[in-house]
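Reading through the structure tokens given below for one structure.
Sequential numbering from 1 along the given sequence is applied to the chain's residues. Computation of the quantities below employed the complete heavy-atom set of this structure, encompassing side-chain atoms and omitting hydrogens, waters and symmetry-equivalent molecules.
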Amino acid sequence: MNWDQVTRDWLSVSQQIKLKWGKFTNDDLAMISGGRESFVKLFEQRYGDDKATAEKKIDAFVAGLKLPQERGNLLSWSQHCWKNIKSFARIRPRI
């Protein structure tokens, strides 16, 4: 996953960040709002790492994210539901 995808899916990513690194608060994640540099700076402050180490940890974390696949499953589920709704619309009631 690249950083553009992280920014686009920030809500999902921020939940995973909280699970991995518990020192980030909801306010911290809202302040970062997908910005890589602000995330690195805040990571340095919270965990006491230098910039290079923080960037390596964050990049490794981002490389392991699997969000696009989940979005595809969600889309296919919504498409499945829509097909079911359309099939019910074709049924005419018996009177």
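- Contact check for Glu44 versus Asp49: no side-chain heavy atoms found under the 4.5 Å cut-off.
- Rounded to the nearest 0.5 Å, atoms CZ (Phe43) and CD (Glu55) are 11.0 Å apart.
- Residues passing the salt bridge (Lys or Arg N to Asp or Glu O under 4.0 Å) test with Lys41, sequence neighbours excluded: none.
- Within the structure, salt bridge (Lys or Arg N to Asp or Glu O under 4.0 Å) contacts touching residues 11-28 (residues at least two apart or in different chains) are Asp28-Arg46.
- Side-chain contact check for Phe61 versus Ile58: every heavy-atom pair is 4.5 Å or farther apart.
- Scanning for side chain to side chain donor-acceptor pair (under 3.5 Å) contacts around Thr53 gives Asp50, with sequence neighbours left out.
- With rounding to the nearest 0.5 angstrom, the CG atom of Asn26 is 12.5 Å from the CE atom of Met31.
- The backbone N or O of Asn2 sits less than 3.5 Å from a side-chain atom of Gln5, completing a donor-acceptor pair.
- For Lys56, the salt bridge (Lys or Arg N to Asp or Glu O under 4.0 Å) criterion is met by no residue, not counting sequence neighbours.
- Contact between Gly22 and Tyr47 at its shortest, heavy atoms only, is N-OH, 3.4 Å.
- With contacts defined as side-chain heavy-atom distances shorter than 4.5 Å, the pair Ile17/Trp10 qualifies.
- The shortest distance between side-chain heavy atoms of Val62 and Arg36 does not fall below 4.5 Å.
- With sequence neighbours excluded, no residue satisfies side chain to side chain donor-acceptor pair (under 3.5 Å) with Lys51.
- The ring pair (Phe, Tyr, Trp, His ring centres under 6.0 Å) test applied to Phe39 returns Phe24, not counting sequence neighbours.
- Thr7 places a side-chain N or O within donor-acceptor distance of the main-chain N or O of Trp3, the cut-off being under 3.5 Å.
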